[in-house]
Amino acid sequence: MKKICVFCGSSSGVDPVFVKKARKLGNLMAKKELGLVYGGASIGVMGAIADGCMESGGKVWGVIPKQIVSLEVGHQGLENLEVVEDMHTRKARMYELSDAFFALPGGIGTMDELCEVITWAQLKYHEKPCYVINIDGFFDHLLRHFRHINQQGFLSNEHLGLVKEFPTYEEAILDFESNY
Ligand code: AMP
C-alpha cells in the first residue's frame with residue numbers, strides 16, 4: 001500500500017474550510033487505498049484528516065513524541081500509534097514510512113516539516129514528491145517567498161521545481177497516482 005505523509009495544523013484555524021477539506025482528503029485516501037501517515041494527534045486539522053480516513057475504512061499510521069502525547073492529545077482511535085522518543089525521531093519515522101508528502105494548512109510545525117522534506121529532497125536524501133495543497137490560497141505567501149529566494153539566487157530553478165503546488169487535494173492525488 002502506498003502511503004502519503006500529511007503535514008497539517010494541530011489547530012483548526014479560523015476558516016472551517018480547512019478542517020472540512022482535511023476530513024474529505026482523509027475520506028478520499030481511504031477510498032483510493034492510500035495509507036495516511038501523520039503526527040498522531042486527535043485535534044485540529046490533524047485530527048480531522050485521521051478521522052476522515054478512518055471513517056471511510058482507511059489505514060492510518062500516527063507517530064507522536066512521548067513529551068507531546070498529552071499536549072496534542074494522542075489519537076486513541078488509531079490502530080497504529082507509535083509513541084517515539086523525540087521530535088527528530090518522529091519526523092525521521094514519518095518520512096521513512098511514506099511515499100510522498102502533502103502539506104495542508106497549519107502553523108510553524110507544518111512549515112518546519114514541509115521545509116525539511118524539501119531540504120532533504122534538495123540534498124537527494126530522498127526522491128519522494130513534496131506537494132503543497134494550496135486550499136483557498138492559504139500558502140500564497142509562502143509560495144511567493146519560495147519564488148523570492150529563487151529570484152535572489154538562494155534556490156535553484158531545479159530545486160524550486162521540487163515543490164509541487166496544487167490548488168486542490170484531488171489534483172495532487174491524481175498527480176501522485178499518475179506519476180509515482
Ligand atoms: P502546527 O502546524 O504548528 O500546529 O504543528 C503541526 C505539527 O508539527 C504538530 O504535530 C507539532 O507537534 C509539530 N511541530 C511543532 N513544532 C515543530 C517543530 N519545531 N519541529 C517539528 N515539528 C513540529
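Ligands are counted one by one from 1 in listed order, and the atoms in each one are counted from 1 as well.
Evaluation of the salt bridge (Lys or Arg N to Asp or Glu O under 4.0 Å) rule for E171 yields no partner, not counting sequence neighbours. The side chain to side chain contact (heavy atoms under 4.5 Å, CB included) test applied to K31 returns N27, not counting sequence neighbours.
With hydrogens and angles left out, the side-chain atoms of N150 and H159 include no donor and acceptor closer than 3.5 Å.
Applying the salt bridge (Lys or Arg N to Asp or Glu O under 4.0 Å) test to pairs two or more places apart or on separate chains, those with a residue in residues 136-157 are R147-E165.
Taking the six-membered ring for Trp, H126 and F101 have ring centres closer than 6.0 Å. Y169 and Y131 have their aromatic ring centers separated by at least 6.0 angstrom.
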Tabulate distances under 3.5 Å between N/O atoms of ligand 1 and N/O atoms of the protein, writing both atom names on each line.
from	atom 1	to	atom 2	distance (Å)
ligand 1	2 (O)	G107	N	2.7
ligand 1	2 (O)	T110	N	3.1
ligand 1	2 (O)	T110	OG1	2.6
ligand 1	3 (O)	G109	N	2.9
ligand 1	4 (O)	S10	N	2.8
ligand 1	4 (O)	S10	OG	2.7
ligand 1	8 (O)	E113	OE2	3.3
ligand 1	10 (O)	E72	OE1	3.0
ligand 1	10 (O)	E72	OE2	3.1
ligand 1	10 (O)	R90	NH1	3.1
ligand 1	10 (O)	R90	NH2	3.2
ligand 1	12 (O)	E72	OE2	2.4
ligand 1	12 (O)	R90	NH1	3.0
ligand 1	20 (N)	D112	OD2	2.9

